[in-house]
Amino acid sequence: MIDPKLLRQATAEVAANLARRGFDFDAESYLALEAQRKALQVETETLQNERNQSAKSIGKAKAQGEDIEPLKAAVKDLGDRLAAADASLKGVQDELRSIELGLPNLLADDVPDGHDEDANAEVRRWGTPGEFDFEVQDHIDLGAALGMLDFDAAARISGARFAVMRGGLARLQRALIQFMLDVHVGEHGYEETYVPYLVQSQALVGTGQLPKFEEDLFRTTDENPFYLIPTAEVPVTNLARERIFEPEQLPLRLTAHTPCFRSEAGSHGQDTRGMIRQHQFEKVELVHFVAPGDSARALEELTSHAEEILKRLELPYRLVSLCSGDIGFGATKTYDIEVWLPGQQKYREISSCSNYTDFQARRMKARVRNAETGKPELLHTLNGSGVAAGRALIAVKENYQQEDGSIRVPDALKPWMGGISELRPD
RNA sequence: GGAGAGGUGCCAGAGUGGUCGAAUGGGCCUGACUCGAAAUCAGGUGUACGGUUCUCCCGUACCGUGGGUUCGAAUCCCACCCUCUCCGCCA
């Protein structure tokens, strides 16, 4: 959520910033509604004051044994007037809030302008795509030939967009997760967390998935439904919900491995083959809580932590800064890390690292006490994948494939592979 | 799932429906005393929103959440949520 004060005091500037995303903010009707709010709030609070004053004098009169009936008669209609004003005020406030919850975050100045992913700016590349002196296979054929990746079995159990893995391949994914967690916890200063995979709507409102993107989520049928988390960002970021941190407690770096569940509504036809886009996938997530002034620097650090994983795995990648038309709803700035996939001869997203500034914090009431003033103020949140395990597995398979269809185990993963140095058919 | 107890400020813990944003104690901050510290004494110590003559002041809201009764609710009524104890079940 954008600061409502800023929204009404610098409406034109906000609208101009949001326009860079292609978002049309109707400033005029917002300001009209805001003027209504102000008038109604003043009216309501004046009436409340009147009620409080007269209730007090009635109390005093009664204590002195006076007849309070005339006093009661005098305020007879006050309750009705107050109820009416209050109801109008609530209505306008709800309207304003729903507008505010639907506004994306303000973009950072250095976000490149553009309509879609073609305008994303490449920041740097690392590694060189490997040369193969044989015809490369994609991860689907590789997995099938190994007998370790079975989409038919998954379809019989759960339908499309699920995968079953067996043996060394299943273990390789687990090794990736262990490796990533160990690097982040042991070397990058993260605290490992274990969090719920089912959350209630307010958590998703906090991180920004709701109310706008309900169709991307799986939901239970309970009266108060649970949602399956689309990313660990949701439960982990909400650890700051309604909390006030002391300045010395920040920065706080948290990591978690969780499965992620996405309905992928509207993505029919995209990446239908293979493990690129699934209803369920594993991911290691990185989350930072930082003081308001520190988030720009924290984004660079968080991104470098995700990059380090690909470097250790010796997977070529490039880093892009998402343009104004491609960047996510709540982010002020986002770096995507794209890993090289020989099977597609393309760089594909494997991590997305974003600075949310105070956007999520305002929704969650996540604050930090200012070291100088002692007053609580909204902290800044960031998150990024460090990295998506399912896609990392694809990348390892395709980049480490050998002519006979076997797959070499990257050195970085060997500690978790129990002596297995290659995946090959039984 | 059954039975019971309870949810009040940073913590503990009061609160016959009326000046309760909330006693008291602890903690914390400031000051006095002291060479310094301890002890003692005095004062202060929530958040959000709004108004404003905007480093002051004023108003409103908040005692688990949401409704209701009332001129007036932390206090009464209803529903829900959560925590704890015991029983049952279970990984």
Side-chain angles (χ1 to χ4, degrees), chain A residues 1-11 30-101 194-206 220 222-227 235 238-249 259 292 358-379:
Chain A
M1 215 165 102
I2 298 173
D3 183 0
K5 275 200 186 97
L6 190 70
L7 221 41
R8 71 179 96 109
Q9 285 167 5
T11 317
Y30 178 82
L31 286 177
L33 207 54
E34 168 55 28
Q36 270 188 56
R37 186 232 93 220
K38 184 165 166 178
L40 283 169
Q41 182 163 342
V42 170
E43 183 189 347
T44 303
E45 291 185 355
T46 305
L47 288 171
Q48 284 173 326
N49 184 23
E50 217 176 298
R51 177 202 60 197
N52 292 346
Q53 295 306 324
S54 51
K56 262 182 200 176
S57 25
I58 290 176
K60 270 186 207 164
K62 195 179 174 190
Q64 291 167 8
E66 296 170 19
D67 180 14
I68 59 172
E69 287 310 316
L71 290 170
K72 283 170 75 168
V75 294
K76 196 164 182 301
D77 68 328
L78 188 61
D80 291 338
R81 285 194 287 147
L82 178 55
D86 195 46
S88 313
L89 176 61
K90 286 279 183 323
V92 171
Q93 281 175 332
D94 286 350
E95 239 178 294
L96 281 168
R97 181 165 173 81
S98 94
I99 291 172
E100 287 157 7
L101 284 176
Y194 173 81
V195 290
Y197 302 161
L198 293 171
V199 299
Q200 298 194 335
S201 60
Q202 66 268 22
L204 289 149
V205 171
T220 67
D222 301 58
E223 194 180 339
N224 288 312
F226 287 112
Y227 292 84
N238 273 282
L239 289 173
R241 179 180 204 82
E242 287 164 44
R243 286 196 57 191
I244 301 176
F245 289 90
E246 295 305 321
E248 61 272 15
Q249 291 178 283
D358 61 9
F359 184 86
Q360 296 179 321
R362 183 168 289 106
R363 291 168 167 241
M364 295 189 301
K365 296 189 176 67
R367 292 168 291 176
V368 57
R369 205 170 286 287
N370 183 295
E372 276 80 47
T373 66
K375 292 291 174 192
E377 52 193 35
L378 295 170
L379 54 77

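Side chains included, hydrogens not; waters and symmetry mates left out as well; all remaining heavy atoms used. To find a chain, count down the sequence lines: A is the first, B the second, and so on, and within it residues start at 1. Remember, predicted model here, so these are calculated numbers, not experimental data.
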Legend entry - B/C84 to B/A12 separation - P atoms, rounded to the nearest Å: 15 Å
Legend entry - Any donor-acceptor N/O pair, A/Thr220 side chain to A/Phe226 backbone, under 3.5 Å: yes
Legend entry - First and last nucleotide of RNA chain B, 5' to 3', lying under 4.0 Å from heavy atoms of chain A: B/G18 to B/G72
Inset, instruction - Hey, could you give me each pair passing ring-ring contact (aromatic ring centres under 6.0 Å, His included) that has a residue in residues 30-89 of chain A? Not counting sequence neighbours. - result: A/Phe25-A/Tyr30
Inset, instruction - For B/G26 versus B/G9, give the span between their C1' atoms, rounded off to a whole number of Å. - result: 13 Å
Legend entry - Atom P, compared across B/G4 and B/A61: separation rounded to whole Å: 37 Å
Inset, instruction - For A/Thr46 and for A/Leu78, locate the closest nucleotide of RNA chain B by heavy-atom distance; then report the residue assigned to the nucleotide nearer the 5' terminus. - result: A/Thr46
Show me the side-chain donor-acceptor pairs of residues 361-369 of chain A shorter than 3.5 Å, one per line, residues at least two apart or across chains.
from     : atom 1 : to       : atom 2 : distance (Å)
A/Arg362 : NH1    : A/Met1   : O      : 2.7
A/Arg362 : NH1    : A/Asp358 : OD1    : 3.4
A/Arg362 : NH2    : A/Asp358 : OD2    : 3.0
A/Arg363 : NH1    : A/Val205 : O      : 2.8
A/Arg363 : NH1    : A/Leu210 : O      : 3.2
A/Arg363 : NH2    : A/Leu101 : O      : 2.6
A/Arg369 : NH1    : A/Gly374 : O      : 3.0

Legend entry - Closest approach of A/Tyr227 to A/Gln200 (non-hydrogen atoms, all atoms of both residues): CD1-C, 4.4 Å
Inset, instruction - Would you classify A/Arg367 as touching base, sugar-phosphate or nothing, given that sugar-phosphate means primed atoms plus P, OP1 and OP2, and contacts are heavy atoms under 4.0 Å? - result: sugar-phosphate
Inset, instruction - Please list residues of residues 79-95 of chain A whose heavy atoms come under 4.0 Å from any atom in RNA chain B, ordered by number; otherwise none. - result: none
Inset, instruction - Enumerate the residue pairs fulfilling ring-ring contact (aromatic ring centres under 6.0 Å, His included) with a member in residues 38-60 of chain A, sequence neighbours excluded, ordered by first and then second residue. - result: none
Inset, instruction - Could you pull out the closest heavy-atom pair between A/Ala85 and A/Leu40, with the gap in Å? - result: O-CD2, 4.4 Å
Inset, instruction - Return the minimal non-hydrogen interatomic distance between A/Val92 and A/Gln36, and the atom names on each side. - result: CG2-OE1, 3.6 Å
Legend entry - Salt-bridge contact A/Lys90-A/Asp86 (side-chain N to carboxylate O under 4.0 Å): yes
Legend entry - Minimal non-hydrogen separation, A/Ala203 against A/Arg241, with atom names: CA-NH1, 4.2 Å
Inset, instruction - Could you measure between the two P atoms, the one in B/C62 and the one in B/C86, and give it in whole Å? - result: 37 Å
Legend entry - Inter-nucleotide C1' distance (B/A73, B/G15), Å rounded: 13 Å
Legend entry - Same-atom distance (C1') from B/G72 to B/U19, integer angstrom: 12 Å
Legend entry - Interatomic distance at P, B/U69 relative to B/G21, whole Å: 22 Å
Inset, instruction - Would you mind classifying the nucleic acid contact of A/Lys365 as base, sugar-phosphate or nothing, using non-hydrogen atoms under 4.0 angstrom? - result: nothing
Inset, instruction - Could you please spell out the steps behind the side-chain hydrogen bond (donor to acceptor under 3.5 Å, both in side chains) verdict for A/Asn49 and A/Gln53? - result: CA-CA 6 Å; A/Asn49 184 23; A/Gln53 295 306 324; 3.2 Å; yes
Legend entry - Whole-angstrom distance between B/A37 and B/C49, as gauged at atom P: 39 Å
Inset, instruction - Run the numbers on A/Lys72 and A/Ile58 for side-chain contact (heavy atoms from CB on, under 4.5 Å), then give the verdict. - result: CA-CA 8 Å; A/Lys72 283 170 75 168; A/Ile58 290 176; 4.2 Å; yes
Legend entry - A/Arg81/A/Glu50 salt bridge by N-O under 4.0 Å criterion: yes
Legend entry - Position toward the 5' end of RNA chain B (nearest nucleotide), A/Asn49 or A/Ser54: A/Asn49
Legend entry - Range-with-range stems of RNA chain B (Watson-Crick or G-U pairs under 3.5 Å, three or more in a row): B:1-7 with B:81-87, B:10-12 with B:24-26, B:27-32 with B:40-45, B:46-51 with B:57-62, B:64-68 with B:76-80
